Undergrad: 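Right, I'll just put the structure down here and ask away after.
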Amino acid sequence: MTTYDERRLRIVSWNVNGIRARMPRIAEMLRRERPDMVCLQETRCPFRHFPHKRLGELGYRAQHSPGRRNGGVAILVRSDHRITSRCLSLDNQHDLAAGRWLETTCAGLTLGSVYVPAGPTRQELDDSGKLAFLEAVANQACHDHYHPMLIAGDFNVAPSDRDVYEPTWLEGSYATAAAEREDLRHILNDGELVDVYRHLHPDDHGYTCWDQRGGHYARDYGLRIDLALASSRLAEHITRCEVKHAYRQGRRPSNHAPLEIELEGIRDCAERAIAA
DNA sequence: ATGACTCCTGAGAGGAGA
């Protein structure tokens, strides 16, 4: 029986691009890393086909919010943890959350798994759905949370030009449009959230997503659109945040790499919040 | 700039992703 350090939590966020197609790689990651919690995006899997049994064999319980056809988010919790609450709505809207937002409180932490709509392309300029969704995430982050909060997932927004391989090629695209970036700043400022990777690695690219075509990964034509946002009182407890390249390589990878976040002293953090 | 992807559904192409 493995024993785990209760004061240290490791959380992985991963856009798996189809949980069924990715199950061998997900199993590999869970066996090797044994994270406490996992936020998944793009499960692309109907409710009835979700691999609860296989995940159970691997020692994880899953909560799943399927999307209509694409999308879908899940949160996996290692079986030795007790889940204290769950939330299936985003800014009090159930329909907005379907397939795109899940929230679980566990081990003194409220964790959100988010999949922001990709939004506009160069051809298709209407981005109102994406902006409304980002607004709802901002509101959700502003709600009173008893526990410190970590929101992790695929935001489909690269916060700045430093987060994309060649800004001029992507000008005005879904990931770099000014309005999206403005809304992301709004989430960070109003929710008092910290972009964890950028906070710990001010000078690295930290790309998490590479197009599957044409050797983008080999050339490192990447985007940093998978983010972990921590409430400010949680941010000081984050000791590590890394892109796990091993799972973007090898056999049948997702187009995204997992992002791993390590927290220490989380119980202290919750206790201080209660005392305050 | 990328030459030439890969998932899903449903039974073959077509939509979607980013």
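Worth saying up front: this structure is predicted, and the values here are computed from it rather than measured. Chain letters run A, B, ... following the sequence lines, proteins first and then strands; every chain starts at 1.
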Undergrad: Between A:Y115 and B:dA18, is there a side-chain N or O to OP1/OP2 distance below 4.0 Å?
TA: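 Yes, because at least one side-chain N or O of A:Y115 sits under 4.0 Å from OP1 or OP2 of B:dA18.
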Undergrad: Rounding to a whole Å, what distance do you find between A:L170:CG and B:dT2:P?
TA: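 After rounding, the reported distance stands at 13 Å.
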Undergrad: If you only use heavy atoms from C-beta on, which nucleotide in B:dT2, B:dG17, B:dC7 is closest to the side chain of A:R219?
TA: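 Minimum distance to the A:R219 side chain belongs to B:dT2.
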Undergrad: Taking only the side-chain heavy atoms of A:A21 (C-beta and beyond), determine which of B:dT6, B:dC8, B:dA18 contains the nearest atom.
TA: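 When the side chain of A:A21 is considered, B:dC8 is the closest of B:dT6, B:dC8, B:dA18.
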Undergrad: Tell me the interatomic distance from A:Q212, atom CD, to B:dG17, atom C1', rounded to whole angstroms.
TA: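 Result: 9 Å.
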Undergrad: Examine B:dT6: is either OP1 or OP2 under 4.0 Å from a nitrogen or oxygen in the side chain of A:R22? Give yes or no.
TA: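 For A:R22, the contact criterion (side-chain N or O under 4.0 Å from OP1 or OP2 of B:dT6) is not met.
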Undergrad: Is any side-chain N or O of A:N70 closer than 4.0 Å to OP1 or OP2 of B:dA18?
TA: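 The answer is no; no side-chain N or O of A:N70 sits under 4.0 Å from OP1 or OP2.
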Undergrad: Establish, with yes or no, whether the OP1 or OP2 oxygen of B:dT9 is under 4.0 angstrom from a side-chain nitrogen or oxygen of A:R20.
TA: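 It does, given that an N or O in the side chain of A:R20 lies less than 4.0 Å from OP1 or OP2 of B:dT9.
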Undergrad: Using a cut-off of 4.0 Å on non-hydrogen atoms, how would the nucleic acid contact of A:P253 be classed: base, sugar-phosphate, or nothing?
TA: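 Since no nucleic acid heavy atom lies under 4.0 Å of A:P253, the category is nothing.
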Undergrad: Without swapping roles, check the side chain of A:H256 against the backbone of A:I225 for a donor-acceptor pair under 3.5 Å.
TA: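 Checking the backbone N and O of A:I225 against the side chain of A:H256, no donor-acceptor pair under 3.5 Å is found.
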Undergrad: When you match A:I225 and A:N17 each to their closest nucleotide on DNA chain B, which lands nearer the 5' end?
TA: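 This one resolves to A:N17.
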Undergrad: Any salt bridge linking A:D203 with A:R198? Criterion: basic side-chain nitrogen under 4.0 Å from a carboxylate oxygen.
TA: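 Salt bridge absent between A:D203 and A:R198.
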Undergrad: For A:R44 and B:dA18, give me the distance from atom CZ to atom P, rounded to whole Å.
TA: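 That distance rounds to 8 Å.
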Undergrad: Test your reading of the model: is there a side-chain donor-acceptor pair from A:R61 to the backbone of A:H81, 3.5 Å cut-off?
TA: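 Yes; at least one donor-acceptor contact below 3.5 Å.
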Undergrad: Taking CZ from A:R248 and C1' from B:dT6, how many angstroms apart are they, rounded to a whole number?
TA: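 Interatomic distance, CZ of A:R248 to C1' of B:dT6: 11 Å.
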Undergrad: Please check: side-chain N/O of A:K130 versus main-chain N/O of A:N156, any donor-acceptor pairing under 3.5 Å?
TA: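 Present.
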Undergrad: If you check every side-chain atom of A:P46, which of B:dT2, B:dT9, B:dA18 has the closest atom?
TA: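 Nucleotide nearest to A:P46's side chain: B:dT9.
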Undergrad: How long is the line joining CH2 of A:W14 and P of B:dG17, in whole Å?
TA: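 After rounding, the gap between these two atoms is 21 Å.
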Undergrad: Can you name the one residue among A:Y207, A:W210, A:Y165 that meets side-chain hydrogen bond (donor to acceptor under 3.5 Å, both in side chains) with A:D220?
TA: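 Passing option: A:W210.
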Undergrad: Which of the following nucleotides, B:dG17, B:dA18, B:dA1, is nearest to the side chain of A:N15?
TA: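 Nearest to the side-chain atoms of A:N15, counting from C-beta on, is B:dA18.
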Undergrad: When all nucleic acid strands are considered with a 4.0 Å heavy-atom cut-off, which category describes A:E166: base, sugar-phosphate, or nothing?
TA: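 No contact.
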Undergrad: Find the distance A:D211:CG to B:dA1:P and express it as a whole number of Å.
TA: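 So the two atoms are 15 Å apart, to the nearest Å.
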Undergrad: Between A:H49 and A:N156, just flag the one whose closest nucleotide in DNA chain B comes earlier from the 5' side.
TA: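 Result: A:H49.
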Undergrad: Ring stacking, A:W169 with base of B:dA1, under 5.5 Å and under 30°?
TA: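 Yes, A:W169 stacks on the base of B:dA1, since the ring centres sit under 5.5 Å apart and the planes are within 30°.
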Undergrad: Taking only the C1' atom of each, what is the distance from B:dG14 to B:dG10 in whole angstrom?
TA: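 Rounded to whole Å, the distance is 12 Å.
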Undergrad: Can you confirm whether or not the ring centre of A:W169 sits under 6.0 Å from the ring centre of A:Y221?
TA: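 Yes; A:Y221 has its ring centre under 6.0 Å from that of A:W169.
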Undergrad: Which whole-number value in Å describes the distance from A:E42 CD to B:dG17 P?
TA: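 Roughly 7 Å, once rounded to whole Å.
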Undergrad: Determine the interatomic distance between C1' on B:dT6 and the same-named atom on B:dA18; round to the nearest Å.
TA: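 It works out to 12 Å between them.
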Undergrad: Find the distance A:H216:NE2 to B:dG17:C1' and express it as a whole number of Å.
TA: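 Roughly 14 Å, once rounded to whole Å.
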Undergrad: Please state whether the base of B:dA1 and the side chain of A:Y165 form at least one donor-acceptor pair under 3.5 Å?
TA: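 Check passes, donor-acceptor contact within cut-off.
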Undergrad: Is A:H256 touching bases, backbone alone, or none of the nucleic acid, heavy atoms closer than 4.0 Å?
TA: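 It contacts sugar-phosphate atoms only.
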